[in-house]
Amino acid sequence: MTTDIARTLLVIPMKDPKDAKTRLGSGLDRKERATLALSLFDMLVKRIQSVLAARDAFADQVIDIAVVSASPILKQAAQRLGIHHIAEGQKKGLSNALDHAAKEALALGYQAMLILPGDLADPKPADLSRLIDHAATGETAVICPSSDWGTNALLLPLPNPIAFQFGEKSFHNHYRAMTEAGLTPILLPLTSLRLDVDRLDDLRHLSRDHWHLLAKGDGR
């Protein structure tokens with residue numbers, strides 16, 4: 001007897017590193033901001049890959065990773081890290097890019113899409129594992145708020161049942177949209193997934209590895 005394998009695409013939306021983290025401009029120069037953006041992205045992908053590698057090889061869920069970006073730098077990074085790359089659609093903006101990614105994921109045969117931002121300060125493997133352990137169904141969705149009530153993780157069934165509304169305090173908008181779509185929201189306020197790097201004060205949450213790269217000026 002065969003068992004259907006649930007397929008989830010974990011997507012990480014990313015700006016071109018040279019245009020990233022402009023709100024850190026009073027503390028970091030453009031090269032340092034680009035270095036930090038790539039470092040945060042690298043760490044997130046590698047930690048997700050480590051969590052996935054530790055999972056049961058016979059689990060009834062397959063999770064692939066993709067970066068959603070118009071940047072050729074991120075396309076090269078995806079090749080280096082062994083993950084998928086999805087180019088952004090014609091419409092600009094984060095919500096539109098993720099709506100395009102959801103359509104691409106559905107066309108590729110995925111049943112769910114999990115969104116994580118690429119600028120998490122120091123995501124812990126245990127928190128990533130707890131998030132990944134949830135499977136989206138036609139009746140449920142998972143959401144993790146950021147510390148300022150943005151949306152730092154969103155797991156939805158496909159086809160995508162809501163309109164993305166990323167921006168200030170988007171958690172409330174997404175939570176409301178999920179309930180209006182007839183989904184049961186599962187709230188996961190995972191501590192390390194609530195902390196991203198948007199302002200200078202957020203730099204205090206960085207791991208030592210990021211500070212080491214900044215000190216070296218390593219602009220991979």
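This is a predicted model, so every value here is computed, not measured.
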side-chain contact (heavy atoms from CB on, under 4.5 Å) assessment of Ile73 paired with Leu38 = CA-CA 9 Å; Ile73 296 173; Leu38 273 178; 4.2 Å; yes
Which heavy atom of [X] sits nearest to which heavy atom of [Y], and what is that distance?
X: Arg199; Y: Leu24; value: C-CD2, 3.3 Å
X: Ser95; Y: Phe166; value: OG-N, 3.0 Å
X: Leu155; Y: Ala112; value: CD1-CB, 4.2 Å
X: Val68; Y: Ala101; value: CG2-CB, 3.7 Å
X: Leu40; Y: Ala121; value: CD2-O, 3.9 Å
X: Pro145; Y: Pro189; value: CD-CA, 4.2 Å

side-chain hydrogen bond (donor to acceptor under 3.5 Å, both in side chains) with Asp202: which residues, sequence neighbours excluded?
-> none
Are the side chain of [X] and the backbone of [Y] linked by a donor-acceptor contact shorter than 3.5 Å?
X: His85; Y: Gln76; answer: no
X: Gln111; Y: Arg7; answer: yes
X: Ser69; Y: Met14; answer: yes
X: Ser50; Y: Lys46; answer: no

[Y] and [X], any side-chain heavy atoms less than 4.5 Å apart:
X: Arg176; Y: Asn173; answer: yes
X: Leu106; Y: Asn160; answer: no
X: Ile186; Y: Ile143; answer: no
X: Asp64; Y: His84; answer: yes
X: Leu183; Y: Pro157; answer: yes
X: Leu131; Y: Leu114; answer: yes
X: Phe164; Y: Leu156; answer: yes
X: Leu10; Y: Ile48; answer: yes

From CA spacing to verdict: side-chain contact (heavy atoms from CB on, under 4.5 Å), Val67, Leu81 = CA-CA 10 Å; Val67 60; Leu81 292 164; over 6 Å; no
I would like to know whether Val142 and Leu154 meet side-chain contact (heavy atoms from CB on, under 4.5 Å); could you show each step before the answer?
-> CA-CA 6 Å; Val142 177; Leu154 192 58; over 6 Å; no
Ion pair Arg194/Asp148, N-O distance below 4.0 Å | no
Is a salt bridge present between Arg33 and Asp19, judged by a nitrogen-to-oxygen distance below 4.0 Å?
-> no
Just how far is it from atom [atom1] of [X] to atom [atom2] of [Y], taken to the nearest 0.5 Å?
X: Thr8; Y: His134; atom1: OG1; atom2: NE2; value: 12.5 Å
X: Met178; Y: Ile162; atom1: CE; atom2: CD1; value: 6.0 Å
X: Thr35; Y: Arg30; atom1: OG1; atom2: CZ; value: 12.5 Å
X: Leu116; Y: Phe41; atom1: CG; atom2: CZ; value: 11.5 Å
X: Gln49; Y: Ile65; atom1: CD; atom2: CD1; value: 4.5 Å
X: Ile86; Y: Ile83; atom1: CD1; atom2: CD1; value: 10.0 Å

Please name all residues satisfying side chain to side chain contact (heavy atoms under 4.5 Å, CB included) with Ser129, sequence neighbours left out, ordered by chain then number.
-> Val51, Asp133
Please name all residues satisfying side chain to side chain contact (heavy atoms under 4.5 Å, CB included) with Pro117, sequence neighbours left out, ordered by chain then number.
-> Asp119, Leu120, Asn152
Tell me, yes or no, whether the heavy-atom count around Arg47 atom CZ, taken from other residues, nucleotides or ligands under 6.0 Å, exceeds 12.
-> yes
Verdict with supporting geometry, Asp127 and Ser192, side chain to side chain donor-acceptor pair (under 3.5 Å) = CA-CA 7 Å; Asp127 285 344; Ser192 72; 2.7 Å; yes
Hey, mind stepping through Leu206 and Asp122 against side-chain contact (heavy atoms from CB on, under 4.5 Å) and telling me if it holds?
-> CA-CA 6 Å; Leu206 292 178; Asp122 191 13; over 6 Å; no
Any salt bridge (Lys or Arg N to Asp or Glu O under 4.0 Å) involving residues 90-105? Give me the pairs, sequence neighbours left out, ordered by first then second residue.
-> Asp99-Lys103
Have Thr151 and Ser170 got a donor and an acceptor in their side chains that come within less than 3.5 Å?
-> yes
All pairs passing ring-ring contact (aromatic ring centres under 6.0 Å, His included) where residues 144-163 contributes a residue, at least two apart = Trp149-Phe171, Trp149-His172
With sequence neighbours left out, write down each residue that passes ring-ring contact (aromatic ring centres under 6.0 Å, His included) with Tyr110, or none if nothing qualifies.
-> none
Check Ser147, Ser146, Pro123 against Leu195 for a side-chain contact (heavy atoms from CB on, under 4.5 Å) and give me the one that passes.
-> Ser147
